[in-house]
Amino acid sequence: MGQTTPLSRREIASAAFVTLAATALYLAPFARGLHRPGREDWQQWTFFEAATRKAVVEHGELPLWNPYACGGMPLHAHPFTRALAPLAPLHWLIDHPASLRLEAFLLVAGIALGAYLLGRRAGLSRAASALAGVVAAFAGTTAGRLHSGHLGLLQVPPLLLAVYARRRAGPDGPAIALGAAGIAVAIFSGGNFLAAAAAIALGFEALWDAAAKQSVRPLLRAAGIVALGFALAAIKIIPVVDFMRDYPRATTGHDPFARGGPLAALLRLPGAVVEAPFLWHEYAAYVGALPILLALAGLALAPRRAARPLALVALLAVIAAGDFAPLAPWAWLHRLPIFGAMRIPARFLVLAVVPLGEAAGVGLDALAARLPRAPARLAWLAAAAIFLDLGLAARPALGRAFVEPSPLFFLDGVPLDGAFRQVRGSPNLMAQAAERNLGTLRCADGVPIRRSERLRGATQRGYRGEVWLMGEGSVHVARWSPSSLSVDVDVQAPRGATLVVNQNFDHRWRADTPHAPRDFEGLLAVPLPPGARRVTLSYRPASVAWGAAASALALVFALALARRRGHTTQARSGRSAS
């Protein structure tokens, strides 16, 4: 391993400026038509941000229940919602097609800058570190994810912070707290699968260092980072586990890679046709031949520095290859929590390009050291050539990420008076419906939601309103919000009646009535005695409270660990004075 290079503020500022400029150039085709909605999963991210903004900004409440999807489903507990993400306010203040692209820009720039700084800390030259940032941020993995809207699989920057914390010298307490913060931010931002995959990478690196140093300290630090990181994110994880218990996302795990395997993916241009169960973007990982050759040169000329990153690349690539043999790593990983809900192991390549870029940087420095007469600008030229190649390769895919808006045909005959209504809608226009306070029954979601067959849209036969009585009497909605509903009810039937809400039943709903909400053919319902009263229903899952308590305790522990730096410094000062 090379000597750690001290970084000046000027170098960091210069690197940040160049990174932002390079990212803007790379994403130029991606920025066209900011008003256009995205294709494929971009629609899902837009919808979740729209539903969250409705709850937080318009109604001033926690985004717990989502009435706008599939007849009603949990919102905060959904694995891909991000109300606690650091960038969440961005989507509350800016229109969603533009805000999502701005977040993507910040993430890609963050990957490039983070990989550059990690390279410099590892002793790489500026040119070699720039090469590492280029490969990590602008490989085909980025182009494929941006094309298809896999924003959760771009949450790499906070995980690079966890890598930095694990590698840094000094006391373990502050390092564990810093790395855990990175893991938690990735989970809050929708990078659940990525955080779990990063835990494997951190463990592998720690195991490598533990063997080299003959010490368990690297393993303990890595374990502390992962455990505390998931504990900090308990306010998200516990509700998600509770939610997935009711709506399990079962996958077979028998997901082979496209023809040629991961190595072919590193050489295949983004958008190339592949023969595989999933579309090309799931296997996109193009870096070109030059970074691979440089990485191999690093292994040959500087094996001590290149061996660890290349070994990590090999491990992640073998996992990404899927269920190719009875004892394949993916076949075992898929039996574990989180990985059991992951369909496509090829996504491990999103992380594999980071150590590949580091190994290529090692090779570039090793070649430069053996060619002392070669001008330093040749190393920069190599980094620029790879950037140009990756940018040109990604250009067609990025240009097709956002499409012209579709006509809102589902609005025909629907009163747009601001009151909430369910409509049949369209799976591709859920965000547009939510922005008009309409719920979409013909929905799309990655989680198998059980939708009641009694649900009706406002223009469908049999629609009786968003609340109605099964029995004699009258109802009037006094107050409505996504997670709360107050209804004035006058039950005139001597034996009482049942208040029915035109949304899916969930056992986490509560009512201020003697009788708890019940399941009426899949709909939310409350039995009521005769008489006039106001009934208030609220969605209050206990898992959120338990998760908040666990996260609070973890935060207190993390702050205590972070403060150990001051005590260590004071102790060293005292020893020096004596």
Side-chain angles (χ1 to χ4, degrees), residues 54-55 58-77 242-243 246-247 413-424 437-441 449-545:
K54 296 285 286 188
E58 296 189 17
H59 297 279
E61 65 181 20
L62 296 175
L64 300 178
W65 180 256
N66 186 358
Y68 306 106
C70 311
M73 59 188 293
L75 182 56
H76 172 69
D242 185 43
F243 169 73
D246 289 348
Y247 306 98
V414 179
L416 298 179
D417 54 6
F420 173 77
R421 291 182 178 86
Q422 300 283 3
V423 297
R424 291 195 70 211
N437 215 30
L438 302 175
T440 300
L441 299 182
I449 300 297
R450 293 185 296 273
R451 194 166 65 90
S452 171
E453 296 182 358
R454 289 291 299 257
L455 287 165
R456 292 293 182 273
T459 59
Q460 290 182 277
R461 182 179 300 177
Y463 179 72
R464 300 179 62 178
E466 292 308 310
V467 292
W468 48 278
L469 275 181
M470 190 171 62
E472 297 180 9
S474 61
V475 295
H476 171 71
V477 177
R479 179 185 172 277
W480 185 93
S481 72
S483 300
S484 180
L485 178 66
S486 295
V487 184
D488 292 328
V489 184
D490 185 4
V491 177
Q492 299 175 359
R495 295 186 177 180
T498 299
L499 174 67
V500 182
V501 181
N502 191 37
Q503 293 188 47
N504 292 318
F505 171 78
D506 188 290
H507 63 84
R508 302 165 188 87
W509 279 94
R510 303 290 181 264
D512 60 348
T513 60
H515 300 287
R518 68 181 182 89
D519 185 337
F520 172 68
E521 298 182 14
L523 296 180
L524 177 63
V526 182
L528 297 174
R533 62 181 47 80
R534 173 168 290 184
V535 177
T536 299
L537 296 104
S538 302
Y539 188 72
R540 296 291 181 266
S543 59
V544 174

Closest heavy-atom pair and its distance - Pro527, Arg518: CG-NE, 3.6 Å
Side chain to side chain contact (heavy atoms under 4.5 Å, CB included) between Val477 and Phe420, intermediate numbers included: CA-CA 10 Å; Val477 177; Phe420 173 77; over 6 Å; no
Atom of Asn502, atom of Gly465 and distance for their closest heavy-atom approach: CB-O, 3.7 Å
Worked verdict on Leu537 versus Leu499 for side chain to side chain contact (heavy atoms under 4.5 Å, CB included): CA-CA 11 Å; Leu537 296 104; Leu499 174 67; 4.3 Å; yes
Under 3.5 Å donor-acceptor, Arg510 side chain and His507 backbone: yes
Donor on one side chain, acceptor on other, Arg424 and Thr459, under 3.5 Å: no
Side-chain donor-acceptor contact under 3.5 Å, Trp480 with Glu466: no
Heavy-atom check, side chain of His76 versus side chain of Val544, under 4.5 Å: yes
Backbone of Ser483 reached by a side-chain donor or acceptor of Glu61 within 3.5 Å: yes
Smallest separation among heavy atoms of Tyr247 and Pro74, with atom names: CE1-CD, 4.4 Å
Test side-chain hydrogen bond (donor to acceptor under 3.5 Å, both in side chains) applied to Asp488 and Arg533, Arg479, His476, Arg534, the passing residue: Arg534
Minimum heavy-atom distance between Tyr68 and Asn437, given as atom pair plus value: OH-OD1, 2.9 Å
Heavy-atom pair of closest approach, residues Ser474 and Leu469: N-CD1, 3.6 Å
Smallest separation among heavy atoms of Asn504 and Ser452, with atom names: OD1-N, 3.0 Å
Evaluation steps, side chain to side chain contact (heavy atoms under 4.5 Å, CB included), between Phe505 and Leu523: CA-CA 5 Å; Phe505 171 78; Leu523 296 180; 5.9 Å; no
